[in-house]
Amino acid sequence: MSAQLRLYNTATREVADFKPLVANKVGIYLCGATVQAAPHIGHIRSGLNFDILRRWLTATGYDVTFIRNVTDIDDKILHKAVHEEIPWWAVAAKYERAFSDAYKALNVLPPTYEPRATGHMTQMVELMQRLIDNGSAYAPGNGDVYLEVRKLKSYLTLSNQKLDDLQSAEDADLTYKKDPRDFALWKAAKPGDPSWPTPWGAGRPGWHLECSAMAHAYLGESFDVHGGGLDLIFPHHENEIAQSQSAGWSFANIWMHNAWVTASGEKMSKSLGNSLQVHEILKKVRGIELRWYLGGAHYRSMLEFSFDALEESSVNFRRIEGFLKRATDLLGATPEGIISAGFTEAMNEDLAVPTALAVISEILKSGNTALAANDLDEVKRAASEIRGALSILGCDPFDPIFATDSSSSAETLDGLISLALEQRQAARARKDFAASDAIRDQLAALGVVIEDTASGTRWSIS
RNA sequence: GGUCGGAUGGCCGAGAGGCGAGGCUCAGGACUGCAAAUCCUGCCACACGGGUUCAAAUCCCGUUCCGACCUCCA
């Protein structure tokens, strides 16, 4: 059972064996950012959770094509452009950059392809043409194009809702829509708005069209996994399904949704302020620690954010890091990463990261014990298994992306501290503990922490 | 109104019929000149009320509270 990856599918509401459509290959489409504001930790959690999925699939031998789009044209971006008094495309570029920086800081791998909505207008127009031609969509003549949802019997099966149970929007305008629940594939241009030409008039895409068009462009009519946050199930993913299946494409095989980061029990939103933006939190903890925290909860569980919990998680991580550092010193080489059976079993069960962390804790314990006993084989095994696990979680401290800058002053620093440690050692040798402790305290005041071990004194910067 | 989650020890956070997840904190012990690091021991929890069962945190019924979505959302 441990050899078979099982994943939860929102569409069936159960965990089932993962069977790729094509042997040894996986196509994943993740709804990425609508680039209208700087990312908060909830946005980044989504990218992170799917990054772990992708790394796990890759590590277990799949050839993964991972698409994460950028939606760079939508209502909010236009509003923001007015507010910030810069062009809409400058808004999109600015926040796309902010997202890229955040992904990089948290070691979220770049997707195989990262398509932008504005780069796929042709594909969107083609899709609409197809939908109009087969009677699924209609253009009422005002420049809008709508999808007629009643024509698709499978509409709302992902969210398990009934069309007639939906509360219809109070401001639904039936001037052009046949049904208030029909949604806009395309919106007619308003004066001053950016627009692209179509056979039905100039305009811009509605929110959902771009994902169907881009998923089709890069992954074809059917693909393995479509992901996103829980809040995208309805309407975004339902509408993607509606468009794509109306076009005759079978679309995604498995739907995966990550849960939110909450604050005080509530879903994060802009009303909670900017303090939980990724770049703000990175002023307090390292990227690798933020990642360890955000990735540590199961992807389908809400993660209640607090700085206390973040700090606690960082303490735990530093312990693991400390072991790897000591093991590396003892072994005289960086351990290679290997994947242990326990870790595999946990990850294969719907990416049970919390269980995987328990596995890491056990390996850590035996590794530390082996370190004390100078059992090199066991130290090497433990360090390798831990490094292997950390690399899947994207938290490998030896990953160059997390490397602290090793400037030329590092050697000088090392020399200076060694000098102080030699003085301390001399004091200890003559049992002048007042002097030796004074040196230790002074170093501690500078942030240099000392540990006396059987093989000498180690130091690190806290 | 419809749909979907959740409530677990001081705190975080898994599990989903039996044999104490794990982490953090705290207390004690080992090691140490003292620290630090590490290891060991301790802290036997599952919102409430019924029920099923040899056995329920887990299944069933009911209740309370919290949250999410219903065309802006990761």
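Quick note on labels: first sequence line is chain A, next is B, and so on, each numbered from 1.
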### Message
Counting the atoms with a prime plus P, OP1 and OP2 as sugar-phosphate, which does A:L303 contact under 4.0 Å by heavy atoms, base, sugar-phosphate, or nothing?
### Response
sugar-phosphate
### Query
Contact class for A:K431 (heavy atom, under 4.0 Å): base, sugar-phosphate, or nothing?
nothing
### Task
Find the distance A:Q277:CD to B:A74:P and express it as a whole number of Å.
13 Å
### Message
Suppose we define a pair by two distances each less than 3.5 Å, Watson-Crick or G-U wobble; what does B:G67 pair with here?
### Response
B:C4
### Task
Choose from B:C34, B:U3, B:G23 the nucleotide whose nearest atom is closest to any side-chain atom of A:R319.
B:G23
### Message
Heavy atoms only, 4.0 Å cut-off, all strands: where does A:R424 land among base, sugar-phosphate and nothing?
### Response
base
### Message
Pairing check on B:U41: which nucleotide meets the Watson-Crick or G-U wobble criteria with it, both distances under 3.5 Å?
### Response
B:A27
### Query
With a 4.0 Å cut-off on heavy atoms, is A:Y155 in touch with a base, just the backbone sugar-phosphate, or nothing at all?
base
### Query
Do any side-chain nitrogens or oxygens of A:R428 fall under 4.0 Å of OP1 or OP2 in B:C34?
no
#### Entry: base_contact_polar (B:C4 base, A:R13 side chain, donor-acceptor, <3.5 Å)
no
### Query
If pairing requires Watson-Crick or G-U wobble contacts with both distances under 3.5 Å, which nucleotide is the partner of B:A14?
none
### Message
Side chain of A:A309, heavy atoms from C-beta onward: which of B:U71, B:A37, B:C12 has the nearest atom to it?
### Response
B:C12
#### Entry: Gap in Å between the two P atoms, one belonging to B:U58 and one to B:C46, rounded
11 Å
### Message
Under 3.5 Å, is there a donor on one side chain and an acceptor on the other for A:D193 and A:W88?
### Response
no
### Query
Once you round it to whole Å, what is the distance between C1' of B:A21 and CD of A:E345?
13 Å
### Task
Please work out if A:V359 contacts a base, only the sugar-phosphate, or nothing of the nucleic acid, heavy-atom cut-off 4.0 Å.
nothing
### Query
Does the separation of the ring centres of A:F343 and A:W56 fall below 6.0 angstrom?
yes
### Message
Please report the distance, rounded to the nearest Å, between CD1 in A:I233 and C1' in B:C69.
### Response
8 Å
#### Entry: Length of the line joining A:H298:NE2 and B:A14:P, which is rounded to integer Å
8 Å
### Query
Considering only side-chain heavy atoms of A:E312, which listed nucleotide, B:G13, B:C34, B:C11, is closest?
B:C11
### Message
Could you walk me through whether A:S244 and A:S212 satisfy the side-chain hydrogen bond (donor to acceptor under 3.5 Å, both in side chains) test, starting with their C-alpha distance in whole Å, then the side-chain angles of each, then the deciding distance to 0.1 Å, before giving a yes or no?
### Response
CA-CA 6 Å; A:S244 299; A:S212 286; 2.9 Å; yes
### Is_stacked (A:W260, B:A68) at 5.5 Å, 30 deg
no
### Donor-acceptor pair between A:Y138 and A:D182 side chains, under 3.5 angstrom
yes
### Message
Check this for me, if you would: do A:R318 and A:E321 make a salt bridge, where the nitrogen-to-carboxylate-oxygen distance has to be below 4.0 angstrom?
### Response
no
### Query
If only side-chain N and O atoms of A:R68 are considered, is one of them under 4.0 Å from the OP1 or OP2 phosphate oxygen of B:A74?
no
### Task
Decide, yes or no, whether a salt bridge links A:D144 with A:K177 under the criterion of side-chain N to carboxylate O below 4.0 Å.
no
### Distance, C1' atom - from B:G2 to B:C44, rounded to whole angstrom
42 Å
### Message
Using the side-chain heavy atoms of A:R440, tell me which of these nucleotides is nearest: B:C34, B:C69, B:C12.
### Response
B:C34
### Message
Please report the distance separating the P of B:U63 from the corresponding atom of B:C54, rounded so that it comes out in whole Å.
### Response
28 Å
### Query
Is any side-chain N or O of A:S301 closer than 4.0 Å to OP1 or OP2 of B:A14?
yes
### Query
Strictly by modelled atom types, are A:S159 and A:Q161 linked by a side-chain donor-acceptor pair under 3.5 Å?
yes
### Query
To the side chain of A:H40, which of B:A74, B:A36, B:A21 is closest?
B:A74
### Message
Could you check whether the side chain of A:R45 and the base of B:A74 have a donor-acceptor pair of N or O atoms closer than 3.5 Å, going by distance alone?
### Response
no
## Note on the structure
Of A:E451 and A:H43, the one whose nearest nucleotide on RNA chain B sits closer to the 5' end is A:E451
### Message
I want to verify a distance call: between B:C4, B:C11, B:G2, whose nearest atom is closest to the A:D165 side chain?
### Response
B:G2
#### Entry: Nearest-angstrom distance, C1' atom, B:G28 to B:C60
45 Å
### Query
Taking the same atom, C1', in B:G22 and in B:G15, what whole-Å distance lies between them?
11 Å
### Query
Does the side chain of A:N368 get closer than 4.0 angstrom to OP1 or OP2 of B:C39 through an N or O atom?
yes
#### Entry: First of A:G228 and A:F305 reached from the 5' end of RNA chain B, by closest nucleotide
A:F305
### Message
For a quick check of understanding: with a heavy-atom distance under 4.0 Å over all strands, which category does A:I450 fall into, base, sugar-phosphate or nothing?
### Response
base
### Task
Would you kindly give the CG-to-C1' distance between A:L230 and B:C69, to the nearest whole Å?
9 Å
### Summary
A:F307 atom CZ is separated from B:C11 atom P, nearest whole Å, by 21 Å
### Message
Using a strict threshold of under 4.0 Å (side-chain N to carboxylate O), is an ion pair present between A:R204 and A:D74?
### Response
no
### Task
Take atom NE2 of A:H208 and atom P of B:C70, then tell me their distance rounded to the nearest Å.
11 Å
### Query
What is the distance, rounded to the nearest whole Å, between atom CG of A:L310 and atom P of B:C11?
19 Å
### Message
Using the side-chain heavy atoms of A:S436, tell me which of these nucleotides is nearest: B:A36, B:C70, B:G33.
### Response
B:G33
### Task
Identify the nucleotide, in any strand shown, that forms a Watson-Crick or G-U wobble pair with B:A57, with both distances under 3.5 Å; if there is none, say none.
none
#### Entry: Under-4.0 Å salt bridge between A:D101 and A:K104
no
### Task
Check step by step if side-chain hydrogen bond (donor to acceptor under 3.5 Å, both in side chains) holds for A:Y95 and A:D72.
CA-CA 9 Å; A:Y95 294 115; A:D72 58 348; over 6 Å; no
### Task
Confirm from the modelled atom types if A:D452 and B:C34 form a donor-acceptor pair under 3.5 Å, side chain to base only.
yes
### Query
Which listed nucleotide (B:G33, B:U71, B:C24) is nearest to the side chain of A:D437?
B:G33
### Task
Establish, with yes or no, whether the OP1 or OP2 oxygen of B:G33 is under 4.0 angstrom from a side-chain nitrogen or oxygen of A:R430.
no
### Message
Counting only side-chain heavy atoms from C-beta out, which of B:A21, B:U71, B:C34 sits nearest to A:P354?
### Response
B:A21
### Query
Going by modelled atom types, is there a donor-acceptor pair between the base of B:G22 and the side chain of A:N316 at under 3.5 Å?
no
### Message
From C-beta outward on A:S361, which listed nucleotide comes closest to its side chain: B:G22, B:C11, B:C4?
### Response
B:G22
### Query
Quantified in whole Å, what is the C1' atom distance between nucleotide B:C70 and nucleotide B:C59?
31 Å
### Message
Tell me which nucleotide, if any, is Watson-Crick or G-U wobble paired with B:C48 when both distances must be under 3.5 Å.
### Response
B:G62
### Task
Using a 4.0 Å heavy-atom cut-off across all strands, classify A:D74 as base, sugar-phosphate, or nothing.
nothing
